[in-house]
> 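Quick one: the structure is below, and I'll ask about it shortly.
What you see below is based on every heavy atom in this structure, not just the backbone, and it leaves out hydrogens, waters and symmetry mates.
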Amino acid sequence: METITISASKTYKVITDSALLARAGGFIRNALGEKGKKLCIVTDDQVDPLYTAPLEASLCEAGYETVTFAFPHGEASKSLETLSRLLEFLAENQLTRSDALIALGGGIPGDLTGFAAASYLRGIPFVQVPTTLLAAVDSSVGGKTGVNLKAGKNLAGAFWQPSLVLFDMDTIKTLSYDLLLDGIAESIKAGAIADKELFLYIQKAERLTSPETIAHLSRRAIEIKREVVEADERDTGPRQLLNFGHTIGHAIEKSSDFSITHGHAVAMGMAIVSKASQEMGWSQEDCHAPIVNSLRRFRFPLDCPFTAAQLSEAARKDKKRMGDSITLVIPVTLGNCQLKSIPVSQLEDFIKAGLS
Ligand SMILES: NC(=O)c1ccc[n+]([C@@H]2O[C@H](COP(=O)([O-])OP(=O)(O)OC[C@H]3O[C@@H](n4cnc5c(N)ncnc54)[C@H](O)[C@@H]3O)[C@@H](O)[C@H]2O)c1
Ligand SMILES: [Zn+2]
């Protein structure tokens, strides 16, 4: 069992182990205290038949009464409509401030449940039980919660930290390889911003998707996210480093109408930005080769199907743009990135250098 403690506006543990769902009740009771009686499990319709029953059994054993809210899987459900249905469901089931929500699933149940927890009765506790690697290494830690608006992704939300994160590594056995890659991309991103050793580890690893390798990558990603979140919980400075590969990645996701998933798009984004930074003379050493070699070891498709003009147009609309400039995350040396603001007018040339 691995435990990482996060000390943000709330202090909480991230516990990783196998066969954890069956023991979740005890850990949740410990984290939430003796007062709570009722828990609402929030999940999607694909995760529900796989993992709600063992979680529920363990929660009942720990003396909880549970209700379950399952919504259709997919990004379209991360909406105000689902949030509204969930809040009404909580009220109908008379959850009180001493009760709590449990997010069971990937980043979508996690983001939605966190926002519901932040707003129901002006804030009740919640626990993250991630079942995708992306949720385990990224979205379940750090307290960013929210839903999408018609105008764009994650435009309504709150900073609301969980009381506990429980990652049962057995759950990722049912993930497709593509979904696993989405989480791997975020781990490689974490390495690029703070852990040079991760690249050596990936180059040497014999079995890339063995539980040991995945456990190592996820532990490092969570530890690095902890450092960044503890330094800048509200994302006004260093937390933006976690966006390495993301400005271009979001533009790729958007341009593909989301048929290229987040992690795959971020992988392409990291390849483009590291190449462009080198071409511009902003990197002090070759960061591009080790990043791309690691991504290739996992068989990430890295050929970007869009032009620099298409991507810069899509990125201009990114919510992180500040006025006439855009903040990029640049790899200076391997394991060390810096924020760099460039005029929006230079973005297309920058991307062009990364695509060449
Ligand atoms: N809050 C944050 O800091 C943060 C960070 C990164 C990403 N995100 C958000 O996370 C979301 C993406 O996360 P995601 O990829 O986990 O999405 P997701 O929750 O939709 O999960 C992806 C798919 O996998 C299925 N699934 C989940 N667990 C499974 C399992 N164990 N076995 C089989 N299938 C399983 C789901 O039903 C879904 O269809 C996006 O909305 C993104 O904006 C948030
Ligand atoms: Zn991401």
> Near Lys13 NZ, under 6.0 Å, is it more than 12 heavy atoms from other residues, nucleotides or ligands?
no
> Taking the basic N atoms (NZ, or NE/NH1/NH2) and the acidic carboxylate oxygens, is any pair closer than 4.0 Å for Asp111 and Lys78?
yes
> Taking NZ, NE, NH1 and NH2 as the nitrogens, is one of them in Glu223 or Arg219 under 4.0 Å from a carboxylate oxygen of the other?
yes
> Indicate whether the side chain of Thr213 and that of His216 have a donor and an acceptor atom separated by less than 3.5 Å.
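Result is no, nothing qualifies.
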> Is there a side-chain contact between Cys40 and Ile102 in this structure, where contact means two heavy atoms from C-beta onward sitting under 4.5 Å apart?
no
> Please report the shortest heavy-atom distance between Val329 and Cys337, naming the atom on each side.
CG1-CB, 3.6 Å
> Residues two or more places apart in sequence or in another chain: which of them pass side chain to side chain donor-acceptor pair (under 3.5 Å) with Tyr51?
Thr174
> Rounded at 0.5 Å granularity, tell me how far CG in Leu32 sits from CG in Leu164.
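Between Leu32 CG and Leu164 CG, I get 7.5 Å after rounding to 0.5 Å.
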> Between Asn243 and Thr247, does any side-chain donor sit less than 3.5 Å from a side-chain acceptor?
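Result is no, nothing qualifies.
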> Enter the distance from His246:NE2 to Leu328:CG here, rounded to the nearest 0.5 Å.
13.5 Å
> Is Lys10 atom NZ crowded by more than 12 heavy atoms from other residues, nucleotides or ligands, each under 6.0 Å away?
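Enclosed: over 12 neighbouring heavy atoms sit under 6.0 Å from NZ of Lys10.
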> Indicate whether the side chain of Glu186 and that of His262 have a donor and an acceptor atom separated by less than 3.5 Å.
yes
> Name the atoms and distances for all side-chain donor-acceptor pairs under 3.5 Å in residues 58-76, with sequence neighbours left out.
| residue | atom | partner | partner atom | Å |
| --- | --- | --- | --- | --- |
| Ser58 | OG | Ala22 | O | 3.3 |
| Ser58 | OG | Ala24 | N | 3.2 |
| Ser58 | OG | Gly25 | N | 2.7 |
| Thr66 | OG1 | Glu56 | OE2 | 3.2 |
| His73 | ND1 | Asp45 | OD1 | 2.8 |
| Glu75 | OE1 | Lys153 | NZ | 3.4 |
| Glu75 | OE2 | Asn148 | ND2 | 2.8 |
| Glu75 | OE2 | Lys153 | NZ | 3.4 |

> As a quick check of understanding, evaluate side chain to side chain donor-acceptor pair (under 3.5 Å) for Thr96 and Asp99, giving each step before the final call.
CA-CA 5 Å; Thr96 69; Asp99 298 325; 3.2 Å; yes
> Assess the residue pair Glu233 and Gln161 against the criterion (side chain to side chain donor-acceptor pair (under 3.5 Å)); give the C-alpha distance rounded to whole Å, side-chain angles, the decisive distance to 0.1 Å, and a yes or no.
CA-CA 10 Å; Glu233 184 173 351; Gln161 301 289 345; 2.9 Å; yes
> Inspect the contact between Asp17 and Arg23 and indicate whether a charged nitrogen and a carboxylate oxygen are less than 4.0 angstrom apart.
yes
